[in-house]
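Beneath this line is the structure, given in structure tokens, with notes to follow.
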Amino acid sequence: MKPIARSIRTRQLGGYVCHSCTRNLRRSRRGYATTSQPSTLEIYDVVCVGGGPAGLSLLAALRANPITSPLKVALIESQSLDPTRKFSLPSTQYSNRCSSLTPKSVGFLQDIGAWEHVKRERVCGYKGMRVWDGVSGASIDFSPEIGGAATEGGVVAYMNENLNLTRALLGRLDELGGVEVLEGEKVTGIGFGNDTSTADLSSWPVVKTSGGRELAARLLVGADGGNSPVRTFAGIDSRGWDYGRVGVVATLQMEGEGWGCEEGKIAYQRFLPTGPVACLPLPGKFCTLVWSTTPDLAAKLKALSAEDFVSMVNAAFRLSVTDLKYLHDLPSGQEEEVSWRENHTPFEREHVPMKVVGVQEGSIASFPLKLRHADSYIGQRVALVGDAAHTVHPLAGQGLNQGQGDVESLANTIAYSVEHGMDIGVRMNLERYESERYAQNNMLMGVVDKLHKLYATENQLVVGVRSLGLRAVNSLDSVKGFFMRQASGRGEKFL
Ligand SMILES: Cc1cc2nc3c(=O)[nH]c(=O)nc-3n(C[C@H](O)[C@H](O)[C@H](O)COP(=O)(O)OP(=O)(O)OC[C@H]3O[C@@H](n4cnc5c(N)ncnc54)[C@H](O)[C@@H]3O)c2cc1C
């Protein structure tokens, strides 16, 4: 069902639609291009499309705050949320979709009461990061003592399965109640309401779902990921480029003294010319892999036997770029070849992750990597959060964290409007959200993008300069402290 193209008019509507005054209005068909059985129009203050980490956090934040809890809110999610609700794995298995959560994001999740629903035994706080140049070997080490970035217990960030987080958010929403959840229902069209004798909804987005529901929203939130239908409806362009890279992910089992203990919990990232390879700690002797590489090499990796795949991961952290090129071209037999080459390659054991000895069955997958940034996060009666607003290369582990920052800011913006008797959907009242988040996200995305480009070359001059830079930064605790604070989400604001 196609929405009729109409420019968005600016009109302020006073007052709030709350449970007691919500009326179901019989809508005419004027708002849509095609006809269908007339259905009952339901009116909401906030309709959130997308039940990923961003959408669920926003709803939890609105419901947890007594100022915004009277708002009538709905969630539309195209997938069934049952697999998330039932998410449960033994302590020897982990989902392959993990994200590092900054202490700032965790603080926000605590504030909205969601963190206590997270299965903490499946979360791994880590205390340091080691990042190095795969071509020159220049490195930088971050430890909790530097720059005061660390939180309680010296933790820099927390590795967590995305499903552990979304499950917790759903648990918190169940506890809070008051959200109309339409799951397994896709948005099939978004148009505008009508000016009827009972209410003027002509500037209100009306969302039609595959289940035949029609929801009018005082504020429509797009938390609907990279291909956001809400962003398309609002006519907001999203610009950027594909990196021509994919992120290969897998759950790995490690071996060696120390990996399972607190001191062993360090994130490792090596920049290879094809993209960075990262090994991020999970509880026990497990870690999650994010290996950014070309689609061609990713396909070769995914076609390997488990033993050869494990050997390639070990090689990625230990062997030279030339060795890796050769190994990628072998159709099989990497296990034997890597073992021989490792014995003839000098590397400092304490500077690389412990040996990978296994990969969890079915956990190897890949995701295309791209950069996208919406021209704006707001429109009249529309706000975008999370990947609907921006998609960033995962090398700095910031995508989900940026979404949490958006949600915190938008929830505060909505609360401010409610407190001051202002209309939550009017663009002017959403500008505080845009001004708090846009430039901040843009700056971070620019840095991440430049890092990717800076390390995606073997040009000797560039390698020399970047290695000098890395060594210089490594010797300056104050500069390292600055980077640590940015990575942990506690950085100074630039703008
Ligand atoms: C390999 C990799 C590693 C990463 N590592 C990290 C990391 O370490 N740290 C970090 O912070 N970030 C990381 N990220 C980024 C992070 O995963 C994303 O930023 C985050 O998951 C986005 O959450 P979201 O809620 O905005 O969007 P999504 O998770 O995409 O959720 C969007 C939701 O909208 C729903 N939807 C879409 N269309 C419709 C429709 N028409 N109708 C109804 N519902 C709809 C979808 O079903 C989905 O549930 C990584 C990403 C990748 C690819």
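First listed ligand is number 1; within each ligand, the first listed atom is number 1. In this text the structure is predicted, and so the values were computed from the model without any measurement. The basis for the numbers below is simple: all heavy atoms, side chains too, and nothing from hydrogens, waters or symmetry mates.
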Could you go through the salt bridge (Lys or Arg N to Asp or Glu O under 4.0 Å) check for E175 and R63 one step at a time? CA-CA 10 Å; E175 188 177 81; R63 295 294 305 145; over 6 Å; no
Residue-level breakdown please: for V392 versus ligand 1, do any non-hydrogen atoms fall below 4.0 Å on the side chain, on the backbone, on both, or on neither? neither
Parallel, tilted or perpendicular: ring planes of W132 versus Y268, cut at 30 and 60 degrees: perpendicular
Is P229 near ligand 1, meaning one of its heavy atoms is under 4.0 Å from it? yes
Can you name the atoms of ligand 1, numbered from 1 with element, that are less than 4.0 Å from a heavy atom of Q79? 47 (O)
Which of the atoms in ligand 1, numbered in the order shown and given with their element, are less than 4.0 Å from a heavy-atom of V249? 1 (C)
Presence of salt bridge, K186 and E77, under 4.0 angstrom: no
Contact check: K186 vs ligand 1, nitrogen or oxygen atoms, below 3.5 angstrom: no
Per-residue contact class, A223 against ligand 1 - non-hydrogen pairs under 4.0 Å: backbone
Can you check whether P53 has an N/O within less than 3.5 Å of an N/O in ligand 1? yes
Can you tell me how far apart CD (Q360) and CG (L252) are? Round to the nearest 0.5 Å. 9.5 Å
Indicate yes or no: does an N/O atom of L400 lie under 3.5 Å from an N/O atom of ligand 1? yes
Is the Lys NZ or Arg CZ of K265 less than 6.0 Å from the centre of Y126's six-membered ring, within 45° of the axis? no
Residues, nucleotides or ligands: over 12 heavy atoms within 6.0 Å of E361 CD: no
Any Q404 heavy atom less than 4.0 Å from ligand 1: no
Under 3.5 Å between any N/O of P394 and any N/O of ligand 1: does that happen in this structure? no
Should the pair W241 and Y243 be assigned to parallel (<30°), tilted (30 to 60°) or perpendicular (>60°) ring geometry? perpendicular
Using the salt bridge (Lys or Arg N to Asp or Glu O under 4.0 Å) rule, take K104 and E408 through it: C-alpha gap first, then chi angles, then the decisive distance, then the call. CA-CA 11 Å; K104 185 169 186 303; E408 185 172 8; 3.3 Å; yes
If you draw the axis of the six-membered ring of Y94, does the NZ or CZ of R122 fall within 45° of it and under 6.0 Å from the ring centre? yes
How far is atom 47 (O) of ligand 1 from the closest protein heavy atom, and which atom is that? E77 OE2, 2.7 Å
For ligand 1, which is the ligand I care about here, please tell me if L369 has any N or O atom under 3.5 Å from one of the ligand's N or O atoms. no
Working to the nearest 0.5 Å, report the span between NZ of K119 and CG of L89. 8.0 Å
Give the residue and atom name of whichever protein heavy atom lies nearest to atom 37 (C) of ligand 1, and the separation in Å to one decimal. D224 O, 3.3 Å
R245 NZ/CZ over F367 ring centroid, <6.0 Å and within 45° of normal: no
Would you say A54 and ligand 1 have an N/O pair spaced under 3.5 Å apart? yes
Which label fits W291 and H328: parallel for a plane angle under 30°, tilted from 30 to 60°, or perpendicular past 60°? tilted
Out of all atoms in ligand 1, which are within 4.0 Å of some heavy atom of G50? Include the element for each. 33 (C), 34 (O), 35 (C)
Before we go on, tell me: are the rings of Y433 and Y416 under 6.0 Å apart, centre to centre? no
Does only the side chain of L101 get under 4.0 Å from ligand 1, or the backbone, or both, or neither? Count heavy atoms. neither
Of all protein heavy atoms, the one nearest atom 43 (C) of ligand 1 is S78 N, 3.2 Å
closest protein heavy atom to atom 31 (O) of ligand 1 is G52 CA, 3.7 Å
Need the ligand 1 atom indices (1-based, order shown) with element for anything under 4.0 Å from a heavy-atom of G386. 26 (O)
Checking a contact table here: which protein heavy atom is nearest atom 30 (O) of ligand 1, and how many Å away? G225 CA, 3.7 Å
Measure the distance from atom 13 (C) of ligand 1 to every protein heavy atom, then report the residue, atom name and distance (to 0.1 Å) of the closest one. S99 OG, 3.6 Å
Exactly one of H373, Q398, Q402 clears side chain to side chain donor-acceptor pair (under 3.5 Å) with N441, and that residue is Q402
Check D406 with R437, please: is the shortest side-chain N to carboxylate O separation under 4.0 Å? yes
for atom 8 (O) of ligand 1, nearest protein heavy atom and its distance come out as S100 N, 3.0 Å
Can you pull out the closest protein heavy atom to atom 5 (N) of ligand 1? Residue, atom name and distance to 0.1 Å, please. C98 O, 3.8 Å
Using a 4.0 Å heavy-atom cut-off, which part of Q402 comes near ligand 1: side chain, backbone, both, or neither? neither
Can you sort out which atoms of ligand 1 are near D387, meaning under 4.0 Å from one of its heavy atoms? 18 (C), 19 (O), 22 (C), 26 (O)
For the 3.5 Å polar cut-off, considering only N or O atoms, please tell me whether E185 and ligand 1 meet it. no
